[in-house]
Amino acid sequence: MKQRIAHMALLVKDYDEAIAFYTQKLNFDLIEDSILTPTKRWVLVAPKGTHEFSLLLAKADGKTQQESIGNQSGGRVFLFLNTDNLERDCQNLRDNKVTIVREPKLEPYGKILVFEDLYGNLWDLIERF
């Protein structure tokens, strides 16, 4: 049996502002943006060239989901983004005024920094050795 995780839902307030953040500030690709109903869309984004796993940008529906935007992991780092050049990507975050929560540092496994997405979810950006 062969399985893999294809997508992960990420709660957002607004489709278009989330698409803009991920495509313009993080340089992700917009893989799909399909209208399902007048209020629901199927929106997939992923880092450039790596479309085997993508984020499903899911507009929050109802009070419970809206309250979870930006805190889907209870304040822990939620998503992990590997890079081949942490300095380049760190500069891109700074240039795009993305909040860096923990400045770059060396760990036994590589260079790492922590940043927030537009809603406050924490991400690790990692350049592995």
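Quick note: residue numbers are just sequence positions, from 1. The analysis underlying the following values was restricted to heavy atoms, covering all of them including side chains, and did not include hydrogens, waters or symmetry mates. Quantities reported herein were computed from a predicted structural model and do not represent experimental measurements.
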Measure the [atom1]-[atom2] distance between [X] and [Y] for me, rounded to the nearest 0.5 Å.
{"X": "Asp95", "Y": "Asp89", "atom1": "CG", "atom2": "CG", "answer": "11.0 Å"}
{"X": "Trp42", "Y": "Asp33", "atom1": "CH2", "atom2": "CG", "answer": "12.5 Å"}
{"X": "Lys13", "Y": "Leu118", "atom1": "NZ", "atom2": "CG", "answer": "8.0 Å"}
{"X": "Glu127", "Y": "Leu86", "atom1": "CD", "atom2": "CG", "answer": "6.0 Å"}
{"X": "Lys48", "Y": "Thr23", "atom1": "NZ", "atom2": "OG1", "answer": "8.0 Å"}
{"X": "Phe115", "Y": "Arg94", "atom1": "CZ", "atom2": "CZ", "answer": "13.0 Å"}

Please report the shortest heavy-atom distance between [X] and [Y], naming the atom on each side.
{"X": "Leu11", "Y": "Ser68", "value": "CD1-CB, 3.8 Å"}
{"X": "Gly75", "Y": "Leu122", "value": "O-CD1, 3.4 Å"}
{"X": "Asp117", "Y": "Phe21", "value": "CA-CZ, 3.6 Å"}
{"X": "Gly70", "Y": "Asn121", "value": "C-OD1, 3.2 Å"}
{"X": "Ser54", "Y": "His7", "value": "OG-ND1, 2.7 Å"}

* To do: Look at Glu103 together with Lys105 and state whether they make a salt bridge at an N to O cut-off of under 4.0 Å.
  => no

* To do: Please determine if Arg41 and Asp16 form a salt bridge, counting it only when a charged side-chain N lies under 4.0 Å from a carboxylate O.
  => yes

* Look at the side chain of Asn92 and the backbone N and O of Lys25, then say whether any donor-acceptor pair between them is shorter than 3.5 Å. => yes

* Asked: Just by modelled atom types, is the Ile31 backbone N or O under 3.5 Å from a matching donor or acceptor in the Asp29 side chain?
  -> no

Do [X] and [Y] have side-chain heavy atoms sitting under 4.5 Å apart?
{"X": "Leu55", "Y": "Met8", "result": "yes"}
{"X": "Phe53", "Y": "Arg4", "result": "no"}
{"X": "Val43", "Y": "Lys59", "result": "no"}
{"X": "Val45", "Y": "Leu10", "result": "no"}
{"X": "Lys40", "Y": "Asp61", "result": "no"}
{"X": "Leu125", "Y": "Leu93", "result": "yes"}

* Asked: Mind checking what makes side chain to side chain contact (heavy atoms under 4.5 Å, CB included) contact with Glu67, not counting sequence neighbours?
  -> Lys63

Would a single hydrophobic cluster contain both [Y] and [X], if residues Ile, Leu, Val, Met, Phe, Trp and Tyr are joined by side-chain heavy-atom contacts under 4.5 Å?
{"X": "Leu79", "Y": "Leu56", "answer": "no"}
{"X": "Leu113", "Y": "Leu81", "answer": "yes"}
{"X": "Val101", "Y": "Ile126", "answer": "yes"}
{"X": "Leu26", "Y": "Val77", "answer": "no"}
{"X": "Leu57", "Y": "Ile5", "answer": "yes"}

* Polar contact flag, side-chain donor to acceptor under 3.5 angstrom, Tyr119-Gln72 -> no

In this structure, are over 12 heavy atoms from other groups packed under 6.0 Å from [X] atom [atom1]?
{"X": "Glu107", "atom1": "CD", "value": "yes"}
{"X": "Arg88", "atom1": "CZ", "value": "yes"}
{"X": "Ile100", "atom1": "CD1", "value": "yes"}

* Structure fact -> The ring-ring contact (aromatic ring centres under 6.0 Å, His included) partners of Tyr15 (sequence neighbours excluded) come to none

* To do: On the 0 to 90° scale, with breaks at 30° and 60°, tag the Trp123-Phe28 ring pair as parallel, tilted or perpendicular.
  => perpendicular

